[in-house]
Number of protein chains: 2
Amino acid sequence: MNDGDRGAGHAARPKRADARRNKETLLDAAAAIFVTSGVEAPVRDIAAKAGVGTATIYRHFPTRADLIIAVYRHQVEACVEAGPALLATSVTPYAALGRWIDLFVDFLVTKHGLAAALRSDDAGFDALHAYFLDRLVPVCTELLDAAAGSGEIRSDLEAYELMRGVGNLCIGADSDPRYDARRLVGILIAGLRRPH
Amino acid sequence: MNDGDRGAGHAARPKRADARRNKETLLDAAAAIFVTSGVEAPVRDIAAKAGVGTATIYRHFPTRADLIIAVYRHQVEACVEAGPALLATSVTPYAALGRWIDLFVDFLVTKHGLAAALRSDDAGFDALHAYFLDRLVPVCTELLDAAAGSGEIRSDLEAYELMRGVGNLCIGADSDPRYDARRLVGILIAGLRRPH
DNA sequence: TCTTCAAGCGGGACATGGTTCCGTTTGCTC
DNA sequence: GAGCAAACGGAACCATGTCCCGCTTGAAGA
């Protein structure tokens with residue numbers, strides 16, 4: 001998946017060296033700005049930090065969603081891979097589900113504004129929704145099905161809905177010391193328990 | 001609390017008739033626009049609908065929060081008053097809590113964008129946060145304390161945190177048929193149950 | 001190495017939406 | 001009906017996302 005790769009099938013010329021360098025510089029700058037100003041930081045700020053023009057950002061990342069995805073891709077993939085691993089090592093599927101959700105929450109609450117962006121109905125974030133859901137819903141479904149199969153939880157909840165709910169609970173979790181998203185998500189997960 | 005009232009203590013001249021009329025017109029226009037375009041609709045749209053200039057909005061409602069509060073004040077107060085009533089008429093405090101939360105959720109999910117505005121960290125919404133929390137947290141505390149006192153639920157959750165959590169779960173509930181905020185809030189409330 | 005040229009670049013131009021300012025209008029009081 | 005302060009409307013201003021255009025430069029071939 002490198003920039004120099006040929007497209008599947010016919011040859012595409014590799015990107016110029018300066019373009020590749022700029023892309024890396026932009027990713028670093030964006031990551032830094034996201035930490036301090038959140039994922040909705042002005043495009044010009046990111047461009048300034050990277051020392052490039054604004055158009056260069058749009059050239060490499062047509063929408064803000066593309067930039068956010070590129071910055072956080074590794075961490076999302078780590079979360080995806082943690083799902084089956086937790087299922088294999090936890091004492092029950094429900095325990096695995098709980099731990100996996102914790103992982104996801106920890107990721108979200110430390111990314112200023114990301115949870116809100118995930119919920120934004122701005123069309124520019126469509127790719128962001130799609131990416132997160134495409135990657136995480138299948139994992140969550142697996143965990144949910146396992147926990148339902150073992151009889152620990154109710155089975156009438158879609159992974160999609162749970163992911164959205166957890167994401168929503170994480171909105172604004174930073175910047176409000178009186179609000180603990182982890183605790184509330186814990187309560188939500190507790191609410192999944194099948195009343196025996 | 002009418003506009004023509006004198007301020008507490010020394011005499012303040014009543015507002016001019018046209019000003020009072022404009023304020024009413026603006027409230028009606030805002031209510032209509034909020035329904036169709038959400039509470040973040042452009043100021044100019046609201047002004048146009050009311051047939052006034054934009055400055056007139058700012059004169060009557062310095063921040064968007066003031067306008068939103070004025071539009072929804074009655075419904076929020078109805079919710080406030082429903083709390084003790086439910087507590088008096090329900091079979092258990094926990095049942096009352098559940099029904100009161102349902103009321104709040106029904107209110108939020110039918111107000112396009114309101115839940116999101118409640119969570120926005122935009123300074124212009126400070127008054128909105130303050131109003132909602134000032135009015136609703138005491139009622140929720142009462143219900144929570146009653147349910148904790150009867151031993152039905154855990155007692156380590158502040159009303160503030162619960163209100164924020166419920167509000168968050170309602171974000172984007174319209175405009176997403178696959179997401180049912182009521183169901184998730186129900187699960188959250190179920191999660192409050194004390195494991196006996 | 002030198003030439004050529006398209007990929008890539010920067011910053012200015014434009015659109016949108018919030019906010020403020022100012023000259024004009026208008027209700028109220030005398 | 002005159003005077004005046006309240007209130008008004010809309011233009012002006014600012015911030016930010018997005019797009020365009022003329023210039024620069026990496027790199028392929030002579």
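Letters go in sequence order (proteins before strands), and every chain restarts at 1. Note that this is a predicted model, so its numbers are computed, not measured.
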Novice: Kindly indicate whether the side chain of B:R16 and the base of D:dA6 share any N or O donor-acceptor pair separated by less than 3.5 Å?
Specialist: yes

Novice: Within this structure, what is the CG-to-C1' distance between B:D18 and D:dA5, rounded to whole angstrom?
Specialist: 12 Å

Novice: Just how far, in rounded Å, is C1' of D:dC8 from NE2 of B:H60?
Specialist: 9 Å

Novice: Whether B:D28 and B:K49 form a salt bridge (side-chain N of Lys/Arg under 4.0 Å from carboxylate O of Asp/Glu) is what I want to check.
Specialist: no

Novice: With a 4.0 Å cut-off on N to O distance, would you call A:D176 and B:R164 a salt bridge?
Specialist: yes

Novice: Could you state the CD1-C1' distance from A:I46 to D:dG17, rounded to the nearest angstrom?
Specialist: 12 Å

Novice: Looking only at heavy atoms, what is the nearest atom pair of B:V137 and B:M163, with distance?
Specialist: CG2-CG, 4.3 Å

Novice: Starting at atom OH of B:Y58, determine the distance to atom C1' of D:dC14, rounded to an integer number of angstrom.
Specialist: 12 Å

Novice: Whole angstroms only, please: what is the CD-P distance between A:E40 and D:dT18?
Specialist: 11 Å

Novice: D:dA27 C1' sits how many Å from A:R21 CZ, rounded?
Specialist: 13 Å

Novice: Select from B:V43 and A:V52 the residue whose nearest nucleotide in DNA chain C is closer to the 5' end of that strand.
Specialist: A:V52

Novice: Distance under 6.0 Å and angle within 45° of the ring axis: does A:R178 meet both against B:Y160?
Specialist: yes

Novice: Base, sugar-phosphate or nothing for B:A55? Non-hydrogen atoms, less than 4.0 Å.
Specialist: base

Novice: Could B:E152 and B:R194 be called an ion pair, given the rule that one side-chain N must be under 4.0 Å from one carboxylate O?
Specialist: no

Novice: Over all strands shown, is B:R64 touching base, sugar-phosphate only, or nothing at heavy-atom distances under 4.0 angstrom?
Specialist: sugar-phosphate

Novice: Could you give the angle between the helix axes at the two ends of the helix from C:dT1-D:dA30 to C:dC30-D:dG1, with five pairs per end, rounded to 10 degrees?
Specialist: 0°

Novice: To the nearest Å, give me how far apart CD1 (A:I57) and P (D:dG17) are.
Specialist: 10 Å

Novice: Do the side-chain N or O atoms of B:T54 get closer than 4.0 angstrom to the phosphate oxygens (OP1, OP2) of D:dG10?
Specialist: no

Novice: When you measure from the side chain of B:D134 to the backbone of B:Y131, do you find a donor-acceptor pair of N or O atoms at a distance under 3.5 Å?
Specialist: no

Novice: Under a 3.5 Å cutoff, is there a donor and acceptor pairing between the side chains of A:T25 and A:N22?
Specialist: no

Novice: Hey, where on DNA chain C does chain A first and last touch, going 5' to 3'? Cut-off is any atom under 4.0 Å from a heavy atom.
Specialist: C:dA7 to C:dA13

Novice: For the pair made of NZ in B:K49 and C1' in D:dG9, what is the distance, rounded to whole Å?
Specialist: 20 Å

Novice: Do A:R119 and B:Y179 form a cation-pi contact, if we require the NZ or CZ to be under 6.0 Å from the six-membered ring centre and within 45 degrees of the ring's axis?
Specialist: yes

Novice: Can you name the ring-ring contact (aromatic ring centres under 6.0 Å, His included) partners of A:F125, sequence neighbours left out?
Specialist: none

